[in-house]
Each structure stands twice: as C-alpha cells, then as structure tokens.
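One structure is given here, and the rest of the page talks about it.
Labels below follow one simple rule: chain letters A, B, ... track the order of the sequence lines, proteins then strands, and each chain is numbered from 1.
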2 protein chains.
Amino acid sequence: MAVTIRDVARQAQVSVSTVSRALSAPGMVKEATRQRVLDVVAGLGYQPNRAARSLITGRTGNLGIVVPDLLNPFFPSILRGVQTRAGEAGTSVFFCDSREDPATEAELVRTMSAQVDGVVLCASLLSDDTIEELAALTPLVLINRMVPGVSSVLMDSASGMAQVVAHLESLGHEHHVYLGGPAAAWSNTRRMQGLQGRAELLGSFDPNFTGGYAAAEQALKTGATAFIAYNDLIALGALAYLAEHNVRVPDQISVTGFDDILYATMCSPPLTTVHMPTEDAGKVAVDLLATLLDGGPAEHRELPTTLVVRGSTAKPRMSV
Amino acid sequence: MAVTIRDVARQAQVSVSTVSRALSAPGMVKEATRQRVLDVVAGLGYQPNRAARSLITGRTGNLGIVVPDLLNPFFPSILRGVQTRAGEAGTSVFFCDSREDPATEAELVRTMSAQVDGVVLCASLLSDDTIEELAALTPLVLINRMVPGVSSVLMDSASGMAQVVAHLESLGHEHHVYLGGPAAAWSNTRRMQGLQGRAELLGSFDPNFTGGYAAAEQALKTGATAFIAYNDLIALGALAYLAEHNVRVPDQISVTGFDDILYATMCSPPLTTVHMPTEDAGKVAVDLLATLLDGGPAEHRELPTTLVVRGSTAKPRMSV
DNA sequence: ATGAAAGCGCTAACAT
DNA sequence: ATGTTAGCGCTTTCAT
C-alpha cells in the first residue's frame with residue numbers, strides 16, 4: 001500500500017491533523033512544524049489519497065469536458081486550454097466525445113456529474129431546457145452557446161463575420177454568398193447576424209469538407225464573386241471543388257473560412273479566415289467554473305475574434 | 001446530499017451489504033431480492049459514490065492518457081478510441097498533453113498514477129529506463145513505442161512504408177528520397193526500416209508543415225521523382241513548396257505521406273498515404289490495460305497499416 | 001442468502 | 001498551535 005498520512009505523521013512526530021493542516025491550511029501551523037512535515041512528505045513521496053479526501057470534502061478535484069467531435073480540429077485546442085488552466089490548480093480533466101448526438105451529450109454530463117466538481121460543455125446541441133436542467137445538477141459552463149442563467153464563454157462570431165464582410169467590401173466585392181452551417185447550430189445563427197443581410201444566403205450544409213464541396217457547386221451558380229463559408233472545413237471543401245473546376249482562387253472567386261484551424265494555413269491558397277481564441281476560451285471556462293464552485297454567480301464572457309487575411313481573398317476581377 | 005446506499009437499503013427493506021452485493025456481485029443474492037433492490041435504485045436514481053468505493057477497493061475506475069500534442073490530428077483519434085472502449089466498461093478517462101516535453105510527460109504519468117488504475121502513453125519521447133520505471137509505478141500501455149516488458153500497441157509502420165515503396169516502384173519510380181522525421185522518434189526508425197534501403201535519406205525535419213516545406217527544397221535538388229515523407233504534415237509542407245515553385249504533383253513529382261490524417265483527403269492533390277488504425281489502437285490499448293489490471297502479462301500487439309492511394313502519386317514522366 | 005460491523009485515508013469539528 | 005476523534009459512503013470479512 002502507498003504511504004499514508006499516518007506514516008508522515010509518525011515520522012514527523014506530529015499528529016495526522018497537523019500533517020493535514022500543514023498541507024491544506026498552511027496558516028494554521030507553526031512554520032517550523034510545517035517545514036518538518038513538508039520535508040517528510042517530500043522524503044516519503046507522500047501523495048494524499050484523493051478518494052479519501054473527496055469522500056469527506058465532497059469535492060473531487062476533477063472536472064469534465066464534453067465536446068461534440070474530437071476529430072474536429074476546433075475542439076482539441078479548447079481541450080488544451082482547459083487542461084492547461086485546470087492543471088495549474090491541480091485539477092484533473094475528464095473528457096468525453098458525444099459524437100454530435102444530443103442524447104449522448106446529456107447522458108455524458110449526467111454520468112460525469114457524479115465524479116467531477118463541474119463540467120464544460122462545448123457547442124452544445126441540447127435545448128435550453130435540458131441545459132438548464134443539467135446546470136442544476138452540476139456547475140456548468142458553456143462554450144459557444146448562450147443560455148440565460150448558465151455561465152458561458154462566447155467567441156464573438158458576429159463581429160468576426162462582420163469583419164469578413166467589411167474586408168470583402170473594402171476589396172470591392174459586391175455580391176457575396178453565405179455557405180451556411182447547420183440550421184440548428186447557435187453559432188450559425190450568430191454568424192448570420194454578423195452578415196448584416198449583406199450576403200446572399202445559401203441554405204445549410206454539413207459543416208465539413210463534403211458539405212463545402214456540395215455548397216460550392218450551388219454557390220457558383222449565384223454569380224457571386226465571394227464565398228463566405230460557415231467554417232474552415234466548408235471553405236476547404238469549396239476550395240477543392242473550385243480547383244477541380246478550374247476556377248481560380250482568389251483571382252476569380254474569393255473564399256473565406258471561419259475558425260482558423262491548423263489546416264487553414266496549409267492549403268493553397270491559404271485561407272482568409274476568422275481566428276477563434278479557442279485555447280483562451282478553454283482557460284476562461286475553467287475560471288468561470290472556479291467562480292461557480294466558490295459560490296459565485298453565473299457569468300457570460302465574450303472573447304474577441306480577429307480576421308486573418310491570407311491568400312484566398314483578393315479584389316474581384318472585372319470579368320468572371 | 002445525494003442518495004446513498006443506506007437510503008436504498010432502507011427503502012428496499014434490506015441491509016446495506018445486500019444492496020452492495022446486488023449491485024456488484026449479483027450471483028450472491030436471491031433473484032427476487034436483487035430485483036427489489038434494483039427497482040429502488042432506479043426509482044431513487046442512486047449512483048454509488050465512486051470515491052467511497054475507490055477508498056476501499058483501491059481501484060479508481062479511471063484511466064489516463066498522455067499524448068505529446070493534442071493539436072496533432074493524429075492523437076485526438078486515439079483519444080476517441082480509448083474513450084469509446086473505456087466508456088463501455090464504465091471507466092472514465094483523464095487526458096493530458098505533454099507538449100512534446102519528455103520531462104513533463106514523466107511528471108504527468110507520475111501525477112496521474114495516483115488517481116487512475118492505469119495509463120496509456122502515446123508516442124513517448126522518454127528513455128526506455130524511464131518508461132520501465134513508470135511501468136513499475138502504474139499499469140502502463142504504450143502506443144507506437146516498444147519497450148521490452150511493457151505492454152504496447154504498435155501500428156506497423158515498417159510494413160506501411162514497404163507498401164509505399166512497392167507502390168512507387170510499381171509505378172516505375174527508381175529514385176525516391178525520404179523526408180525524415182525526428183531522429184529520436186522510434187517511429188522514424190521503424191519507417192526507415194520499411195524503406196529497406198531503397199530510398200535516399202534526407203536528414204531529419206520537424207514533423208510539421210514548416211519542416212516539410214524546408215525538406216522539399218532540399219529534396220528537389222536530389223533529382224528524385226518521388227518524395228516519401230515521414231508523415232502527412234511533412235508531405236503537406238512539401239506539397240505547398242512544390243506548388244509555389246510550379247512543380248506539378250504528381251505529374252513531375254510524386255509525394256507520399258504517412259498517418260492519413262483528415263487533411264490528407266482535403267489537400268490538392270489528395271495525398272497518397274498510409275492509413276493508421278488510430279482509433280483501434282486506442283481501443284486495443286484499453287484492452288491491454290484491462291489485462292494488466294487482471295494480473296495478466298504485458299503484451300505487444302501490432303496493428304496492420306494500409307496504403308491509401310490518392311492523387312499525389314503517378315507514373316514518373318520521362319523528362320523532368 | 002443475508003446482516004452486523006470493521007475499516008479504507010482523510011478532514012473537520014472539538015478539545016486542550 | 002496541536003492532538004483526539006468521529007465520521008464521509010462504501011465493500012468485505014465474519015457471523016448467522
């Protein structure tokens with residue numbers, strides 16, 4: 001069996017409670033005693049048993065994160081932010097992938113809630129009601145989803161999209177078409193708001209490469225000189241379609257993405273897109289969770305997004 | 001406070017031990033009793049307190065996974081496999097990102113070991129000695145790394161690379177150049193073995209887009225008609241370099257990748273590469289961990305890789 | 001087949 | 001400032 005608090009107490013010639021205090025309430029023990037205890041702890045390599053601590057404090061020292069799709073490059077970077085900030089506080093992070101299924105999502109949060117102090121829920125597909133219900137079950141922080149009364153971290157999609165439109169207009173484009181994402185997605189709604197009615201809307205497509213490929217075919221028929229994609233994956237699919245049909249980007253058509261995933265810099269031409277502060281969002285989510293755990297109120301935080309101009313946008317040609 | 005085993009016992013008119021047995025040793029209680037208990041459990045929504053259980057059994061019901069870089073698309077898919085299989089057994093998964101730092105890696109495993117039943121370590125950069133030491137600390141399964149006496153799941157890189165060479169040779173290529181990965185990486189060594197001396201070796205490059213870009217410049221000077229990259233990211237970088245210098249792929253140069261990450265299908269031309277059964281590897285890793293936990297022996301498992309031919313390879317032209 | 005009771009390792013009153 | 005002690009919720013002997 002591993003070394004316990006008793007072993008430390010014995011060797012440091014103090015009681016177990018002194019050891020406990022030296023470790024978790026340093027102010028309550030004499031400095032000399034504390035140092036002696038700490039030395040023994042280091043010497044023995046003592047690590048408090050989390051289960052035992054958890055049993056009595058009611059806290060687990062863990063937190064959970066649920067994402068819709070781990071394979072979407074957008075989410076690992078949020079995970080990383082969460083883990084980074086949580087790690088600083090000695091908190092461990094459980095993860096789960098709901099595979100874009102709302103029922104699974106709710107189930108995962110429920111299951112997790114028993115063994116974590118709180119959960120971060122990304123881009124949830126659940127109804128407001130269900131989310132409220134889950135928030136009553138366990139401290140909950142939403143990322144890229146807004147439900148009144150539930151803490152959330154938003155990345156300012158509307159502003160990002162507005163920057164896209166402004167950029168295209170400054171280049172001289174007059175006819176833009178929006179290659180939309182899932183109609184049910186909250187972030188799709190927000191991005192459309194950012195369009196301010198200045199783009200032709202083109203239904204909703206799967207937010208992936210295949211969806212973008214299909215979208216481009218339709219978009220081409222509109223005669224627009226600029227394609228504004230819901231996200232980078234759709235933009236990438238569009239790029240592939242255009243390349244195959246010998247439509248030159250950005251000479252003939254400008255294309256913009258959204259999210260700034262890794263591959264946006266690697267394709268050709270590299271994608272003009274909107275950078276999302278995903279890693280920061282993960283960190284802020286952990287902070288909001290901490291607030292909740294300290295009995296603080298639910299908060300909403302909005303992080304700024306920034307347009308990144310690369311090679312996929314340019315002035316429109318006179319003749320297409 | 002949540003509902004405890006006592007609440008269930010009281011309502012089901014049995015002792016707590018009977019409830020405990022009904023739940024974890026069904027064979028030891030009369031069927032009728034068991035059913036009654038189960039009904040009450042369902043009615044009350046009772047969930048056993050994991051901390052309490054853990055305190056006495058010494059098992060946490062958790063497992064950990066450490067990856068070198070969550071942002072490398074290769075790893076999330078392993079994570080997904082791990083979580084999928086673990087979830088089936090009611091096991092939760094902690095994750096950590098070592099950011100390619102060996103010291104952090106070891107530290108993370110050590111920290112985790114106290115609160116998990118075992119850990120999965122991916123593409124470790126640690127020395128054999130350190131890995132053995134960690135394996136003594138906690139049940140450990142390696143992915144894409146081989147250390148005698150320590151369980152591991154390998155994806156057969158050597159065979160994958162041999163398939164690449166065979167493919168290129170069948171197309172008629174006679175001069176291949178290998179754009180190598182990190183010299184220290186075990187998988188780089190394995191991939192080079194698969195080359196069977198039939199490619200010119202070109203030093204080691206960072207296993208990312210930038211590294212590939214730089215590698216392509218050098219590779220071009222060799223006069224080879226086929227570039228064999230250590231991984232997809234390097235291949236992608238090479239593709240970008242070649243496109244910028246108006247070298248047509250695959251007309252003038254064939255390029256192959258390795259890993260079959262998501263982007264390999266999205267670039268143009270789409271990449272001929274070697275598919276790695278990453279999700280399966282994650283699942284198998286969990287199985288090996290389970291074996292270890294049951295007191296079984298360390299095992300090595302090798303999963304097959306398969307060449308995926310796409311658009312980046314073709315017959316060499318007579319004149320380059 | 002079931003119940004009673006003893007802890008698992010720790011923290012938090014409660015003493016001193 | 002430190003020690004004593006009673007549990008946290010559960011599993012597991014040991015009885016019956």
Side-chain angles (χ1 to χ4, degrees), chain A residues 1-41 44-62 90-92 111 113-117 293, chain B residues 1-41 44-62 90-92 111 113-117 293:
Chain A
M1 184 53 58
V3 23
T4 80
I5 200 173
R6 302 184 109 88
D7 302 324
V8 177
R10 194 172 316 122
Q11 186 162 340
Q13 316 257 46
V14 294
S15 71
V16 292
S17 32
T18 299
V19 176
S20 176
R21 284 189 278 250
L23 260 26
S24 35
M28 290 176 66
V29 329
K30 201 164 58 183
E31 183 52 29
T33 320
R34 197 181 77 94
Q35 203 45 251
R36 185 151 38 94
V37 170
L38 259 32
D39 287 348
V40 175
V41 163
L44 260 37
Y46 167 71
Q47 281 194 279
N49 181 315
R50 293 255 232 160
R53 176 178 285 179
S54 164
L55 192 52
I56 187 160
T57 62
R59 286 223 188 168
T60 62
N62 301 147
T91 302
S92 305
T111 310
S113 69
Q115 46 191 315
V116 298
D117 296 335
L293 291 175
Chain B
M1 184 52 58
V3 22
T4 81
I5 200 173
R6 302 184 107 88
D7 302 324
V8 178
R10 193 174 315 122
Q11 187 162 338
Q13 316 256 47
V14 294
S15 71
V16 292
S17 25
T18 299
V19 175
S20 176
R21 283 189 276 250
L23 260 26
S24 35
M28 290 176 64
V29 346
K30 201 164 58 183
E31 182 52 30
T33 321
R34 198 181 76 93
Q35 203 45 252
R36 187 150 37 95
V37 170
L38 259 33
D39 287 348
V40 175
V41 163
L44 258 36
Y46 168 71
Q47 282 194 279
N49 180 316
R50 294 255 232 158
R53 175 177 287 179
S54 165
L55 192 52
I56 188 159
T57 62
R59 287 223 187 168
T60 61
N62 300 147
T91 303
S92 305
T111 310
S113 69
Q115 46 191 316
V116 298
D117 296 336
L293 291 176

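Put simply, OG1 on A:Thr60 and CG on A:Leu55 are 12.5 Å apart, with the number rounded to the nearest 0.5 Å. Within the model, atoms CZ of B:Arg10 and CG of B:Leu44 stand 9.5 Å from one another, a figure rounded to the nearest 0.5 Å. Note that OG1 of B:Thr4 is 13.5 Å distant from CD of B:Gln47, once rounded to the nearest 0.5 Å. Distance check, rounded to the nearest 0.5 Å: CG of B:Asp117 to CG of B:Leu293 gives 5.5 Å.
Rounded to a whole Å, the CD1 atom of B:Ile5 is 6 Å from the C1' atom of D:dC10. Taking atom CG of B:Asp7 as the reference point, atom C1' of D:dC10 lies 13 Å away to the nearest angstrom. What separates CG of A:Leu23 from P of C:dT11 is a distance of 7 Å, to the nearest Å. Look at CD1 on A:Ile56: it is 9 Å from P on C:dA13, rounded to the nearest Å. What separates CD of B:Gln115 from P of C:dG9 is a distance of 17 Å, to the nearest Å. Distance A:Arg59 CZ to C:dT11 P: 14 Å, rounded to the nearest Å. Atom-to-atom, CG of B:Leu55 to P of D:dC8 comes out at 13 Å; the value is rounded to the nearest Å. The distance from atom CZ of B:Arg53 to atom C1' of D:dC8 is 16 Å, rounded to the nearest whole Å.
When side chains are defined from C-beta on, A:Thr18 counts as touching A:Thr33, because their heavy atoms get closer than 4.5 Å.
Residues of residues 8-17 of chain A that place a heavy atom closer than 4.0 Å to DNA chain C, in numerical order, are A:Ser17. Scanning residues 24-37 of chain B for heavy-atom distances under 4.0 Å to DNA chain C yields B:Met28, B:Val29, B:Lys30, B:Thr33.
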Please walk me through it: do B:Val37 and B:Val14 pass side chain to side chain contact (heavy atoms under 4.5 Å, CB included)? CA-CA 8 Å; B:Val37 170; B:Val14 294; 4.1 Å; yes

Apply the test side chain to side chain contact (heavy atoms under 4.5 Å, CB included) to residues A:Lys30 and A:Arg34: give CA-CA distance (whole Å), side-chain angles for both, the deciding distance (0.1 Å), then the verdict. CA-CA 6 Å; A:Lys30 201 164 58 183; A:Arg34 197 181 77 94; over 6 Å; no

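Between B:Asp39 and B:Arg36 there is no salt bridge, since no side-chain N of the basic residue sits under 4.0 Å from a carboxylate O of the acidic one.
Pairs of residues two or more places apart, or lying in two chains, that qualify as side-chain hydrogen bond (donor to acceptor under 3.5 Å, both in side chains) and include a residue from residues 50-59 of chain B are A:Gln115-B:Arg50, B:Arg50-B:Ser92.
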Could you list the protein-to-nucleotides 14-16 of chain D atom pairs, N/O on both sides, closer than 3.5 Å?
none

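For D:dG3, the OP1/OP2 oxygens have a side-chain nitrogen or oxygen of A:Thr18 closer than 4.0 Å.
A:Thr91 pairs by the side chain to side chain contact (heavy atoms under 4.5 Å, CB included) definition with A:Leu63, A:Ala86, A:Ala89, not counting sequence neighbours. In this structure, the side chain to side chain contact (heavy atoms under 4.5 Å, CB included) partners of A:Ile5, at least two apart in sequence or on a different chain, are A:Val16, A:Val19, A:Ser20, A:Tyr46.
Using a 4.0 Å heavy-atom criterion, one finds that B:Ser20 contacts the bases of the nucleic acid, with or without backbone contacts as well.
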